[in-house]
Structure formats: structure tokens, C-alpha cells
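What follows is a short report on a single structure.
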Amino acid sequence: MDHRLHFLESFAANGSDGQRYKVCGYERMAPEVPFTHAPQDWESTGVAEYHLTDGRLVDVSHDGTMRIAGSSVVLQRAPGPSGALLR
């Protein structure tokens, strides 16, 4: 399925490994009228994805717990402004 990611937010997060990360949230968008070659509008699928700036996926559980996919590193949203040193 053809899709696009629409940027929603970014924030700093502290990892259980002692590192600081930048997490970016995206909304998955799908073509309004699929399978046409004409320019098309995009609509929300209602699905959000979270990634680190290096592209790694962040799994978000139903209770809001964030974990770097494929690792044991748990992320917690950092308090305050998200501008400081981000990885």
C-alpha cells in the first residue's frame, strides 16, 4: 500500500541506557483514491508511528510505554523544552 508520513511532533526522551534521544511522531497517510496516476489527496489512516532521528522504530505500547524496537531500551519523555542535546 502506498503511504506517506505526516510529521506531527518531536520531543526529547531519556533512555534507560542513560542516553538522550529525539523521538519524532508521524501520522500515516493513504491516498484518498488509490490506484490512480493523477495527483491525489491524502487522508489519515488513524495510525501513528514513532521513530528516532536515526530511523529506528519506537514501539509504543497501549499504556504509553516507549521502547526502541529490537532492544531493551525504554524511553521516557524528557521534561521541559526538547531542544537540548539530542541524539
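Residue indices begin at 1 and follow the sequence shown. No hydrogens, no waters, no symmetry mates; every other heavy atom, side chains included, goes into these values.
- Here CD of E27 is found 6.0 Å from NE2 of H6. Values are rounded to the nearest 0.5 Å.
- The line from CG of L52 to CD of Q19 is 11.5 Å long, rounded to the nearest 0.5 Å.
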Q: For side-chain contact (heavy atoms from CB on, under 4.5 Å), just list the numbers for D2 and W42, CA-CA rounded to whole Å, side-chain angles, deciding distance to a tenth of an Å, and then say yes or no.
A: CA-CA 10 Å; D2 192 23; W42 294 81; 3.5 Å; yes

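- A continuous path of Ile, Leu, Val, Met, Phe, Trp and Tyr side chains, each step under 4.5 Å between heavy atoms, connects F11 with V60, placing both in one hydrophobic cluster.
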Q.
Evaluate V74 against Q76 for side-chain contact (heavy atoms from CB on, under 4.5 Å), listing each step before the verdict.
A. CA-CA 7 Å; V74 175; Q76 184 173 3; over 6 Å; no

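- L5 approaches R28 most closely through the heavy-atom pair CD2-CA, 4.1 Å.
- Cluster annotation: I68 and M66 are assigned to the same hydrophobic cluster (Ile/Leu/Val/Met/Phe/Trp/Tyr, side-chain heavy-atom contacts under 4.5 Å, transitive).
- The closest side-chain heavy-atom distance from N14 to L75 is not below 4.5 Å.
- A 4.5 Å side-chain heavy-atom check between E9 and C24 finds every atom pair outside the cut-off.
- Side chain of T45 to main chain of A30: no donor-acceptor pair is present (N/O by atom type, distance under 3.5 Å, no hydrogens or angles).
- Contact check for Y21 versus V58: no side-chain heavy atoms found under the 4.5 Å cut-off.
- Here NE2 of H51 is found 12.5 Å from CZ of R56. Values are rounded to the nearest 0.5 Å.
- Within the model, atoms OG1 of T65 and CZ of R67 stand 7.5 Å from one another, a figure rounded to the nearest 0.5 Å.
- Of all heavy-atom pairs spanning A13 and V23, the tightest one is CB-CG2, 3.9 Å.
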